[in-house]
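Numbering of ligands and ligand atoms starts at 1, following listing order. When a residue number appears, it is its place in the shown sequence, counting from 1.
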Amino acid sequence: MKYHVKYPAISLAGIGSTQFWSGNTTTAEKCLYEAIDTYGVTLVDTAEMYANGRCERIVGKVLQSFSKEQYYLLGKADPRKVQVQGLRKSLLTSLENLKEEYFDLYLLHWREDVDLVSFVRDAEELKKEGYIKEWGVSNFDMHDMQDLLSIPEGKNCFCNQILYNLMTRGPEYDLIPYLREHDIMPMAYSSLGSSFVSNKPVKNNRTIQRICHDNNITPEALMLSFVTRDQDFPALFSTSSMEHLRSNLSFDHFDISKYMDEIDREFPSPTHAVPLEKL
Ligand SMILES: NC(=O)c1ccc[n+]([C@@H]2O[C@H](COP(=O)([O-])OP(=O)(O)OC[C@H]3O[C@@H](n4cnc5c(N)ncnc54)[C@H](OP(=O)(O)O)[C@@H]3O)[C@@H](O)[C@H]2O)c1
């Protein structure tokens with residue numbers, strides 16, 4: 001497994017938790033277990049709002065089999081709850097669901113109408129108390145990041161988790177360069193397009209098909225290679241299929257760099273600012 005060039009505790013592929021939302025999750029749980037145990041994935045993403053704590057409880061159950069050094073746990077606070085009950089209550093409820101003592105990284109899931117000054121103050125306090133190692137945000141566009149960084153301790157923001165994949169390259173124009181300039185780690189969710197948006201445009205593309213054929217990889221593995229190509233940008237995906245897990249994680253052995261010119265021609269980088277898309 002490849003790890004973040006600056007933060008070796010963070011694997012470049014991360015497993016999400018929306019696959020635990022409902023139904024029988026036995027295979028999905030095995031996938032998360034295998035991802036950590038066999039493939040060395042460390043990054044695990046979950047959130048307070050995913051099925052009202054159900055996903056956190058399942059993630060927590062799987063993580064019980066591992067020692068803390070084997071995973072990097074990321075949680076997200078629901079801003080609608082934060083506005084009513086405060087960040088601390090959200091955090092403690094999530095840790096209770098997970099049966100964990102702290103988050104490696106804790107994000108505000110989206111901005112809603114959360115007062116950023118209070119959010120930063122509370123996040124800094126929880127960090128001092130050891131409940132979180134780092135804090136950050138998710139779904140923050142350029143103007144949201146500018147507002148955040150205008151707050152003195154806002155510069156301590158560690159990460160912005162955004163919708164980014166080969167079909168959604170908008171953030172490349174300004175947001176991703178802005179994050180890198182301010183030493184804030186970008187992280188992609190729905191790196192494969194999500195279960196709501198078909199990734200057929202990638203799968204059906206002749207150039208992509210040829211590259212995949214020549215390198216014996218799937219379009220999904222190529223999509224993960226795309227997001228992680230600079231080794232400073234983790235890519236989250238979810239799966240309930242052991243076969244998909246295996247083939248997705250083979251992205252690790254593929255060097256996309258020599259194909260980037262061709263890929264850019266098929267799926268161009270934006271030439272103007274595009275509002276951040278969200279799921
Ligand atoms: N911050 C936010 O607002 C936000 C928003 C959305 C998601 N997230 C996080 O990001 C994680 C990943 O995003 P996501 O679940 O939306 O999208 P995703 O990982 O892009 O897509 C998941 C879908 O891809 C399918 N899939 C995976 N590998 C495949 C393969 N090799 N071939 C064919 N289909 C494949 C999965 O089905 P199978 O089960 O059949 O493999 C599932 O339907 C989430 O679980 C969540 O933790 C965060």
Side-chain angles (χ1 to χ4, degrees), residues 11-32 34-35 39 41 43-51 54-56 58-59 62 71-80 94 98 103 105-112 136-141 144 159-168 171 185-204 208 212 216-228 233-252 254 276-279:
S11 55
L12 285 177
I15 305 293
S17 55
T18 44
Q19 66 278 27
F20 303 128
W21 204 289
S22 60
N24 183 334
T25 57
T26 311
T27 318
E29 290 172 38
K30 280 191 191 136
C31 287
L32 175 58
E34 282 297 309
Y39 296 94
V41 167
L43 177 59
V44 180
D45 176 271
T46 190
E48 178 180 25
M49 65 85 78
Y50 295 162
R54 179 184 204 249
C55 300
E56 290 177 325
I58 294 175
V59 167
V62 176
Y71 58 91
Y72 183 94
L73 181 59
L74 190 169
K76 302 190 285 298
D78 182 336
R80 297 162 303 185
S94 291
L98 284 150
F103 280 109
L105 177 57
Y106 193 56
L107 311 180
L108 183 63
H109 206 148
W110 66 95
R111 184 169 178 176
E112 194 81 16
V137 293
S138 178
N139 295 302
F140 270 43
D141 205 347
D144 303 309
C159 169
N160 184 11
Q161 186 185 107
I162 54 173
L163 176 62
Y164 177 66
N165 59 56
L166 186 52
M167 303 183 297
T168 312
M185 178 177 71
M187 180 184 294
Y189 67 75
S190 304
S191 308
L192 309 177
S194 89
S195 45
F196 308 112
V197 180
S198 166
N199 60 8
K200 273 193 184 148
V202 175
K203 282 179 119 121
N204 293 345
I208 300 292
C212 288
N216 195 22
I217 56 163
T218 61
E220 284 78 12
L222 181 142
M223 289 180 87
L224 293 175
S225 305
F226 167 77
V227 173
T228 59
F233 202 140
L236 296 175
F237 71 92
S238 68
T239 186
S240 304
S241 150
M242 210 60 94
E243 191 190 326
H244 289 169
L245 178 77
R246 236 186 324 267
S247 60
N248 291 355
L249 293 178
S250 71
F251 86 99
D252 215 22
F254 171 59
L276 181 64
E277 290 182 47
K278 295 157 197 166
L279 278 187

Student: Quick one: look at A47 and ligand 1, take heavy-atom pairs under 4.0 Å, and tell me if it's side chain, backbone, both or neither.
Tutor: neither

Student: In this structure, are over 12 heavy atoms from other groups packed under 6.0 Å from K278 atom NZ?
Tutor: yes

Student: Atom 37 (O) of ligand 1: protein heavy atom closer than 4.0 Å?
Tutor: no

Student: Can you sort out which atoms of ligand 1 are near G193, meaning under 4.0 Å from one of its heavy atoms?
Tutor: 20 (O)

Student: Could you check whether any side-chain heavy atom of M187 comes within less than 4.5 Å of a side-chain heavy atom of P234, counting everything from C-beta outward?
Tutor: yes

Student: Is there at least one pair of N or O atoms, one from K76 and one from ligand 1, spaced under 3.5 Å apart?
Tutor: no

Student: Examine S194 against ligand 1 and note whether any of their N/O atoms are separated by less than 3.5 Å.
Tutor: yes

Student: Can you tell me which portion of S138 lies within the under-4.0 Å heavy-atom range of ligand 1? Options are side chain, backbone, both, or neither.
Tutor: side chain

Student: Look only at interatomic distance and state if H244 has a nitrogen or oxygen under 3.5 Å from any nitrogen or oxygen of ligand 1.
Tutor: yes

Student: Should the heavy atoms of other residues, nucleotides or ligands under 6.0 Å from CG of N204 be counted, would the total exceed 12?
Tutor: yes

Student: Quick one: OG on S238 to CH2 on W21, what's the gap to the nearest 0.5 Å?
Tutor: 11.5 Å

Student: Do me a favour and list the nearest non-hydrogen protein atom to atom 7 (C) of ligand 1 with residue, atom name and distance?
Tutor: Y189 CD1, 3.7 Å

Student: Around atom 47 (O) of ligand 1, find the nearest protein heavy atom and jot down its residue, atom name and distance.
Tutor: D45 OD1, 2.6 Å

Student: Measuring from T218:OG1 to M223:CE, what's the distance to the nearest 0.5 Å?
Tutor: 10.0 Å

Student: Is there any N or O on L236 that sits under 3.5 Å from an N or O of ligand 1?
Tutor: no

Student: Just wondering, do L74 and Y106 contact through their side chains at under 4.5 Å, heavy atoms?
Tutor: no

Student: Evaluate S17 for polar contact with ligand 1, using N/O atom pairs at a separation under 3.5 Å.
Tutor: yes

Student: If you look only at pairs with a residue in residues 159-168, which of them pass as a side-chain hydrogen bond (donor to acceptor under 3.5 Å, both in side chains), with sequence neighbours excluded?
Tutor: D45-Q161, Y164-E172, Y164-R229, N165-T168

Student: Classify the contact between N139 and ligand 1 as side chain, backbone, both or neither, using a heavy-atom distance cut-off of under 4.0 Å.
Tutor: side chain

Student: Please list the nearest protein heavy atom to atom 14 (P) of ligand 1 with its residue and the distance rounded to 0.1 Å.
Tutor: S190 OG, 3.6 Å

Student: Which is closest to atom 20 (O) of ligand 1 in terms of heavy atoms, L192, T239, T18?
Tutor: L192

Student: Note the single closest protein heavy atom to atom 15 (O) of ligand 1, along with its residue, its atom name and the distance in Å.
Tutor: S238 OG, 2.6 Å

Student: With a 4.0 Å heavy-atom cut-off (strictly under), which part of L163 contacts ligand 1: side chain, backbone, both or neither?
Tutor: neither

Student: In the protein, which heavy atom is nearest to atom 11 (C) of ligand 1, and how far is it?
Tutor: G16 CA, 3.8 Å

Student: Would you mind telling me if ligand 1 is within reach of the side chain of W110, the backbone, both or neither, using heavy atoms under 4.0 Å?
Tutor: neither

